[in-house]
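Notes follow the structure.
Order of the sequence lines sets the chain letters (A, B, ...), proteins ahead of strands, with each chain counted from 1.
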Amino acid sequence: MILKKISVWQFVLLLYICRMFSAMTYTPAMGVGSGGVSILIAWVISLAVGILVLLPALWLRSMDQGKNAVMLSMDVWKRAGVLVALLYCAFTIMTAVSTFAHFEFFMTNAVFPQSSTLFFVITMWIACVYAACMGLESIARTGVIIFAGFLISFAFIAFASLSQVDMPNLKLPLEGLGKEIGFSVYEQFSRNAEFVVVLLLLPHIKGNLKKGIIALSCMITVTAEIIAFLILTVLGDYSATQTIPYYTLSSVAEFSIFQRLDALHMTIWVAIALVKIALYLFLSMECIRMLLPEQRKKWGTIGCSILLFFLILPFCYSKQAFDGLYMVFSSGIPSLLLVVILPLGIGISVKIKKGGEKREAKKVPAGHSSPAADPER
Amino acid sequence: MGNGIFRYLKSKFTAAFMPPEEPVDQPETQTKLSEKLMDNMVTLREKCRNTSDLMAREVTVAGTPISVLGMEGMISYETLTKMVLDPLLRSEDKNVQTPEELYQYLRTKTVIGMDVNDVYSTDEVFTFLMSGFTVILIDGLSKGIAIGTQGFQFRSVSEPDSEVNVRGSREGFTEPIRINMSMVRRRLKSPELRFELMQVGKVSRTDICLIYMTDTVDNALLRDVRRKLKQIKLDVILESGYLQPFLEGKPLSLFSDVGTTERPDTLCAKIAEGRIAILVDGSPFALIVPFLFSENFQSLDDYCHRPYYTTFIRILKYISFFFTILLPGLYVGIGTFHPELFPHALLYNIAAAEETTPLPLVLEALVIHFIYEVMREAGLRLPRPIGHAVSIVGALVIGDAAVTAGLIGAPMVMVVALTAISSFVVPSIYEPVAILRFAFIILGGTTGLYGITIGLTLVIFNMTGLSHFGIPYTAPISPFSLRAQRDVFYRAGWRILGKRTAKIQKLNGVDIHETFPEE
């Protein structure tokens with residue numbers, strides 16, 4: 001089987017736009033108490049945390065560039081590796097579901113309040129399945145084009161909002177700043193499902209991943225800082241009352257002949273949502289395909305697509321289910337388990353296994369093979 | 001839509017999980033030539049069902065009966081007389097007595113043309129006869145001589161209609177493959193330029209020619225193209241378009257990763273970059289593999305004009321492309337679902353114009369574009385003077401009468417006119433553009449900007465998913481190659497362009513060897 005590869009820059013831009021989906025839906029309600037400055041500081045700290053959290057991934061890559069976390073776990077843990085594959089599959093498909101639910105919520109609440117949920121579910125699901133079936137290379141290449149679109153739209157909105165920046169809205173923190181920053185940093189970590197993508201795409205990436213991760217973290221931090229700054233200074237306390245403040249910001253931004261830029265934001269947001277859901281659906285398909293024999297791999301694709309459809313429905317129709325899913329992701333436990341604990345465990349097991357093999361090799365002197373290996377005996 | 005996706009998925013699974021079909025060799029059905037001339041003639045006449053255009057003249061030369069065969073209309077009588085009949089008559093004086101001596105005399109002692117071949121079977125005889133050769137069969141020998149005396153009528157070399165350039169050569173390919181080959185050879189006088197002739201089509205046995213530079217072409221790519229051509233199982237091949245789907249990575253895709261050109265100079269430029277060209281006998285359109293999306297926006301004129309002007313034209317072409325697929329859809333979508341996006345003054349004008357029309361925007365756009373496509377198709381197939389008349393009628397009907405009658409709003413006419421003109425800026429991708437235009441009108445009219453965004457993103461997915469021969473169709477835009485940008489959205493000067501040859505296999509993201517590993 002030919003392993004499809006993408007360059008490290010394609011990978012960086014793909015993860016960047018996926019992260020921007022979350023950044024654009026950010027609600028700085030908890031930051032208002034201290035004038036929102038806490039979130040600006042928290043993003044900077046999150047940059048360091050993000051790089052630290054990915055150290056296990058880099059460690060795994062240094063062990064074997066041709067395998068991802070699931071493949072390595074199946075090598076060292078055999079049957080328990082299947083469980084690891086299922087865990088990663090569950091995480092990626094639930095992230096796809098969560099993104100889908102956010103998208104649907106945005107569309108039916110902010111853009112088309114009188115539209116049917118089912119319409120968005122069906123159209124988006126078809127589009128995502130098609131996109132995921134096109135494969136990783138196509139998703140990454142599309143990601144780069146969407147990135148260009150995002151940059152243009154972001155520049156427009158930021159430029160158009162500059163005239164409305166009101167610096168006094170950035171109030172000085174009074175008390176509990178440390179606690180708020182800590183909470184924000186943890187929230188940023190727990191909401192960052194893209195850490196898992198790194199672990200699953202390890203063998204698909206060509207180039208210097210270390211450099212890529214640093215660049216990615218810096219790009220995300222800078223953009224998120226600008227978004228948070230604009231939301232806090234332009235909208236002020238009003239931002240806390242908005243479900244999706246960035247969308248409100250784009251609505252108040254006026255540029256040249258365009259009366260408002262919310263439609264521009266909406267188009268880019270929909271495109272990013274499509275790419276993000278397609279990526280996570282593709283990853284869940286990959287996790288399942290690893291468990292299936294060659295002839296039955298296509299059932300992984302079909303199964304994950306159908307599963308996604310049936311999982312979306314309850315989360316789109318039930319606010320409780322939607323909030324429950326959000327709570328699970330916000331707890332940080334899935335991220336902690338899949339990004340830190342499991343990769344570390346896999347890495348240690350691989351090290352132990354390799355060490356054992358080396359000791360075995362040393363025990364058998366050179367030119368002295370075992371009877372089983374020598375057919376002449 | 002759903003059905004299409006399932007069919008697409010099925011084709012994807014089939015492509016991914018089914019082993020590639022191995023080329024099946026045709027069974028040996030060739031009939032060897034006999035030593036008896038009479039038997040050979042009977043067999044040949046039987047095989048060709050005594051066709052009227054087979055000319056066979058049986059004469060005796062130096063006491064040996066021989067037969068001179070040719071196809072009517074395929075050979076030049078002047079060449080036949082000079083190269084075949086004259087030497088045959090002179091052989092009487094050269095002390096030629098046996099059939100073998102006559103064969104040796106014709107084969108070695110006379111200069112009866114450059115293209116001389118031995119034939120050993122009736123099938124070979126037919127292949128040469130159909131290609132305009134004269135075949136001489138000698139009684140007592142189980143072989144014959146085929147002499148190139150082609151002289152059929154063909155269209156002269158003229159300027160190609162589909163790729164008109166302001167500067168550059170006025171020559172375009174014509175129908176006979178040999179003339180097209182010579183046009184390429186005249187422009188690339190390199191020993192590295194190689195022509196590889198083969199036949200495809202079980203019945204038509206059409207000559208096709210692979211052209212490439214041995215020093216720039218990628219061998220894995222070349223092998224793959226050869227394999228694909230050998231696997232073609234068509235009875236008749238009359239045009240290069242017949243081969244195109246067999247060379248495409250995803251024949252169901254909207255866009256084609258196989259390019260076509262009518263210009264020998266364009267073809268030479270592509271070959272020099274490591275691409276492979278395929279000429280088909282009887283077609284003035286050569287195929288180019290692999291072909292990139294950005295090449296649709298390039299023309300030979302770009303390299304003759306000054307770089308700043310070329311850059312301006314390139315940007316104009318890209319904008320026109322997006323205009324032509326998106327403008328009607330956006331107009332309908334924004335007008336129907338997001339009117340707040342229009343400035344107030346413009347919105348009032350549009351609303352005033354649309355108030356008098358009975359149809360909703362989406363229907364108006366669909367009807368007017370449908371009429372436009374009908375007019376275009378009619379103008380294209382009709383003789384030119386009538387075609388012009390159709391265009392005038394179309395312009396009057398759509399432009400004036402429809403607005404005056406209150407059927408269509410004036411802004412919509414402007415949108416259609418702008419879209420139609422924009423579509424001619426990049427004619428090589430008219431097929432996907434025409435379909436996408438309708439698709440975006442429907443999406444815009446039913447779901448607004450949301451539908452257009454989803455549609456456009458899927459089109460991008462469709463394009464980026466094309467990666468035939470390991471070369472992404474959207475390179476060097478995505479995967480991005482900074483160095484290759486010197487000839488994408490802008491064109492650098494020749495001092496920069498000439499520094500290094502832009503080999504296609506050197507682009508970022510190109511992975512030919514991994515996709516088709518060497519056997």
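Between chain A and the options B:P479, B:P472, B:S478, B:G448, the largest number of non-hydrogen pairs under 4.5 Å is found for B:S478. The greatest number of non-hydrogen atom pairs below 4.5 Å with chain B, out of A:A148, A:A278, A:A131, A:A263, is found for A:A131.
Around atom CZ of B:F322, no more than 12 heavy atoms belonging to other residues, nucleotides or ligands sit under 6.0 Å away. Heavy atoms from other residues, nucleotides or ligands lying under 6.0 Å from CZ of B:F489 number more than 12. In B:E431, the CD atom is not crowded: 12 or fewer heavy atoms of neighbouring residues, nucleotides or ligands sit closer than 6.0 Å. With a 6.0 Å radius and a threshold of 12 heavy atoms from other residues, nucleotides or ligands, B:F312 has its CZ atom at or below the threshold.
Of the atoms belonging to B:L466, it is backbone heavy atoms, and not side-chain ones, that fall under 4.5 Å from chain A.
When only modelled atom types and interatomic distance are considered, A:S115 and B:Y450 share no side-chain donor-acceptor pair under 3.5 Å.
Of all heavy-atom pairs between A:A127 and B:L458, the closest is O-CD2, 3.6 Å. The two residues B:T453 and A:T267 make their nearest non-hydrogen contact at CG2-O, 2.9 Å. For the pair A:F112 and B:H338, the tightest heavy-atom approach, listed with the atom from each and the gap, is CZ-CE1, 3.8 Å. Contact detail for B:I454 and A:M124: the closest heavy-atom pair is CD1-SD, 3.4 Å.
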Side chains of residues 136-147 of chain A: which donor-acceptor pairs under 3.5 Å do they make with residues two or more places apart or in other chains?
unit_1 : atom_1 : unit_2 : atom_2 : d
A:S138 : OG     : B:F461 : O      : 3.2
A:S138 : OG     : B:T464 : OG1    : 3.0
A:R141 : NH1    : B:T464 : O      : 2.7
A:T142 : OG1    : A:S138 : O      : 2.7
A:T142 : OG1    : B:T464 : OG1    : 2.9

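The CE atom of A:M134 lies 11.0 Å from the CE atom of B:M463; values are rounded to the nearest 0.5 Å.
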